[in-house]
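Okay, so here's the structure we're looking at.
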Amino acid sequence: MEKADDHCLSKLQLTERSDARPFVLRLREILAACAKSIENGDTRQSEALVSELVNCLDSISEAAETELDNGDSESHVFEVLNEIYQFISSPLLDQGTIDTLSFDLPKAVSKFVGVGRCLEIVDNIIDRFVTMCSPRDMLSILCEALDFQMTKGTNSIAPFLSGLSKVIRSIQRRHFEQIKVVVPVVLNALKAVDFETCDEDVKCDTLYERAMDIANSIQSVCVKLDGKVHKKLQSLLGLYALQIMALFSVSTSHEVSSCLPFVSKLSCFLPFCGLSYVGLITGSDIDKISNIIGEDEDDYTACFSYIKHGACLSVLWGYLSEEIAQAAEEKMSDLKDELATKRTERWKALGMFGHILSFSGLSWKLKKDAIDFLLSINGSESFDDDQSDYISYMPSIFAALQAVQIIIMYAPDTMLRKNAFGLFKKLLADIPCSERFDMLRALIVNSDSPSMVALLLDLVKGEMHVELCRKRVATDVQQVDSEARPKPSFWTAGILELVEQVLRPPKGGPPVLPEQSDAVLSALNLYRYVLITEATGSTNHTGVLLKSNLQKSYNEWLLPLRILVTGIMSENKTDYDQIAVDMECALNPVELVLYRCIELVEERLR
């Protein structure tokens with residue numbers, strides 16, 4: 001029997017050339033010994049030999065990593081991988097040997113992906129194991145290998161993605177349960193890859209094309225199923241496609257035009273999964289497919305953390321390219337018409353788009369496109385005046401407006417900042433008049449940027465002026481019954497609370513100057529405007545003319561601020577450095593408006 005085994009093993013070994021390198025000869029010896037011990041059923045020896053084989057490959061990998069620019073090193077690695085591929089491809093090799101090696105070799109050879117032209121042969125080795133071994137076993141092996149690569153922070157995941165796409169097609173039963181295991185592993189691995197340090201032969205395009213192959217494999221399995229399992233697998237594919245859409249959009253450094261072919265192919269999955277642009281942009285389709293899958297575990301839902309981003313980006317890509325919209329079987333004109341005539345749908349869309357506008361990983365270019373898209377759908381008058389549902393959308397609208405604020409403050413492009421501010425004003429205008437003041441107040445209270453607070457206070461002042469003009473027109477024309485007129489939403493006591501928020505901060509003491517000079521100047525201008533308007537119009541909607549409020553503003557806001565400003569100005573009179581000059585320039589307009597406010601209050605008190 002031993003002679004027969006030796007004869008078989010001699011055929012497995014390649015004919016030793018006179019020029020064979022020592023490490024290749026050693027590798028052949030280990031492989032042959034592994035096969036022999038496995039066939040003989042010697043478990044202890046086979047485990048030791050497999051461990052020696054892995055250590056041998058690790059040593060070669062470490063040596064290759066230190067000599068990446070060395071042509072000889074690449075040639076050595078290629079010889080090693082070719083030796084392994086020839087060995088496992090032999091028709092004489094025992095199935096038990098293949099099964100045993102499949103547990104360790106895929107992970108070991110994947111470390112060579114970054115060495116020269118080795119990606120193809122590593123693919124071939126893993127493909128051989130996938131072809132020869134049980135799909136169920138290989139699914140677990142490849143998923144474990146992906147997890148391992150992710151924890152090690154390496155980028156050698158491309159061969160495993162390719163292997164999994166083939167394994168999925170070979171699954172014979174319990175399709176949803178097994179694919180459900182694969183999807184989180186793949187998504188988490190892609191999310192962990194750093195494409196800036198990715199190996200030259202394994203770029204973003206390669207990995208995402210292979211992730212796309214996995215989607216194709218899931219779809220091929222899905223069409224063979226029916227009933228509840230078909231629906232669940234279809235929904236899982238939809239979530240997978242949306243997450244890939246988000247990850248790809250964030251990771252790509254290419255021009256938009258070069259991304260269109262991939263996004264177009266990915267968009268083809270949307271109609272297959274029953275996902276429409278309207279359902280995606282309002283979030284209803286995401287809720288629908290998430291409920292069908294019904295997985296609430298934290299680890300599972302974490303892998304789909306960007307599906308809302310992916311939903312918005314799917315629509316945004318369709319807005320950028322008619323080809324992509326056609327792939328999704330959608331017409332952007334129909335979507336815009338739907339959103340332009342239904343305010344509640346616009347609120348939902350705004351809440352969804354807040355996810356990508358606030359997403360730090362997304363490029364400014366795509367954020368600019370998102371701003372343009374929102375401007376295009378927010379330009380029509382609303383035809384549905386039902387405001388009863390506004391409260392339920394208020395948190396998401398608030399978050400979206402805060403995201404637009406960030407773009408206004410930090411976008412590197414002037415035009416983008418200008419467009420973002422235009423969108424900000426249009427979004428505010430889309431909020432019911434009765435609720436708009438509360439939204440602006442919430443934005444002011446929760447802003448830590450003095451410049452943004454100043455901008456928001458100026459918007460409040462503008463809203464007050466518009467409201468006042470409407471009231472005067474209605475009064476002059478006398479077409480509106482006094483009881484039917486809407487109550488003022490800005491000319492209320494809340495205005496004084498906003499002014500106090502800046503001039504006498506909740507934490508106590510006067511504001512910090514000159515750091516908060518923008519906000520202070522806007523607050524003083526707003527107070528002066530309200531005081532003059534109420535006095536000349538013989539009204540007191542805000543309560544600003546009440547003696548108690550006049551004394552409070554004089555003693556608690558204006559006088560402490562005057563002491564602070566005059567003290568800083570006097571300290572800087574003898575300084576002529578740039579800091580002192582800048583400080584004086586910031587405080588001069590504050591001082592002028594402050595003294596005018598003090599004069600007005602003193603006149604009213606007299």
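Bear in mind that the values here come from a model prediction, so they are computed numbers and not experimental data.
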For a 4.5 angstrom cut-off between non-hydrogen side-chain atoms, does [X] reach [Y]?
X      : Y      : answer
Ile214 : Ile244 : no
Gln516 : Val502 : no
Lys336 : Ser376 : yes
Tyr208 : Ser251 : yes
Leu242 : Leu270 : yes
Val453 : Ser522 : no
Leu190 : Val186 : yes
Met212 : Phe269 : yes

Verify side chain to side chain contact (heavy atoms under 4.5 Å, CB included) between Thr539 and Leu468, making sure each step is shown before the conclusion.
CA-CA 12 Å; Thr539 60; Leu468 185 64; over 6 Å; no

May I ask you to check whether over 12 heavy atoms, not counting those of [X], lie within 6.0 Å of atom [atom1]?
X      : atom1 : value
Lys418 : NZ    : no
Glu322 : CD    : no
Tyr410 : OH    : no

Checking side-chain contact (heavy atoms from CB on, under 4.5 Å) against Val544, which of Val530, Val601, Ile532, Val499 comes through?
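Running side-chain contact (heavy atoms from CB on, under 4.5 Å) over Val530, Val601, Ile532, Val499 with Val544 returns exactly one hit, Val530.
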
Side chain to side chain contact (heavy atoms under 4.5 Å, CB included), that's the test. Do Leu366 and Leu320 meet it? Break it down for me.
CA-CA 10 Å; Leu366 285 176; Leu320 297 175; 4.2 Å; yes

Looking only at the side chains, is there a donor atom on one of [X] and [Y] sitting less than 3.5 Å from an acceptor on the other?
X      : Y      : result
Trp317 : Ser249 : yes
Ser447 : Gln405 : no
Glu467 : Ser489 : yes

Hey, can you pull the donor-acceptor pairs under 3.5 Å for the side chains in residues 259-268, sequence neighbours left out?
from   : atom 1 : to     : atom 2 : distance (Å)
Lys265 : NZ     : Glu209 : OE1    : 3.3
Ser267 : OG     : Val263 : O      : 2.8

Between [atom1] of [X] and [atom2] of [Y], what distance do you get to the nearest 0.5 Å?
X      : Y      : atom1 : atom2 : value
Leu521 : Asn588 : CG    : CG    : 11.0 Å
Lys426 : Leu350 : NZ    : CG    : 14.0 Å
Ser553 : Leu600 : OG    : CG    : 10.5 Å
Tyr390 : Asp430 : OH    : CG    : 10.0 Å
Asp285 : Ser290 : CG    : OG    : 10.0 Å
Leu558 : Leu503 : CG    : CG    : 7.0 Å

Once salt bridge (charged side-chain N to carboxylate O under 4.0 Å, His left out) is applied, do any residues pair with Asp413, and if so which ones, sequence neighbours excluded?
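Not a single residue meets the salt bridge (charged side-chain N to carboxylate O under 4.0 Å, His left out) criterion with Asp413.
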
Residues Ser449, Met409; criterion side chain to side chain contact (heavy atoms under 4.5 Å, CB included); working and verdict:
CA-CA 9 Å; Ser449 167; Met409 290 188 290; 3.4 Å; yes

Strictly below 4.0 Å, N to O, side chains only: are Lys461 and Asp458 in salt-bridge contact?
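A salt bridge is absent here (no side-chain N lies under 4.0 Å from a carboxylate O).
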
Inspect the contact between Lys368 and Asp372 and indicate whether a charged nitrogen and a carboxylate oxygen are less than 4.0 angstrom apart.
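Between Lys368 and Asp372 there is a salt bridge, with a charged N closer than 4.0 Å to a carboxylate O.
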
Between [X] (side chain) and [Y] (backbone), is there a donor-acceptor pair under 3.5 Å?
X      : Y      : result
Lys288 : Gly279 : no
Arg562 : Tyr595 : no
Glu534 : His541 : yes
Gln501 : Val445 : no
Asp518 : Ala454 : no
Glu330 : Ala325 : no
Thr536 : Thr533 : yes
Tyr527 : Glu500 : no
Trp491 : Thr542 : no
Asn549 : Leu545 : no

Taking all atoms of both residues into account, what is the closest heavy-atom pair of [X] and [Y], and its distance?
X      : Y      : value
Leu416 : Ala411 : CD2-CB, 3.6 Å
Ile408 : Ala420 : CG1-CB, 3.7 Å
Leu457 : Ala523 : CD1-N, 3.8 Å
Leu550 : Arg604 : CD1-CB, 3.7 Å
Leu187 : Leu247 : O-CD1, 4.0 Å
Ser434 : Asp438 : O-OD2, 4.5 Å

Side chain to side chain donor-acceptor pair (under 3.5 Å) against Arg417, all qualifying residues, sequence neighbours excluded
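Here the qualifying residues are Thr414.
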
Measure the acute angle between the ring planes of Tyr306 and His309, then classify it against the limits of 30° and 60° as parallel, tilted or perpendicular.
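Perpendicular: the ring planes of Tyr306 and His309 meet at over 60°.
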
Evaluate ring-ring contact (aromatic ring centres under 6.0 Å, His included) for Phe373 paired with Phe353, printing each intermediate quantity in order.
CA-CA 10 Å; Phe373 174 74; Phe353 262 78; 5.3 Å; yes

Could you walk me through whether Val183 and Leu239 satisfy the side chain to side chain contact (heavy atoms under 4.5 Å, CB included) test, starting with their C-alpha distance in whole Å, then the side-chain angles of each, then the deciding distance to 0.1 Å, before giving a yes or no?
CA-CA 10 Å; Val183 167; Leu239 293 177; over 6 Å; no

Reference residue Glu345; test salt bridge (Lys or Arg N to Asp or Glu O under 4.0 Å); the match among Lys348, Lys342, Arg343:
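Running salt bridge (Lys or Arg N to Asp or Glu O under 4.0 Å) over Lys348, Lys342, Arg343 with Glu345 returns exactly one hit, Lys348.
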
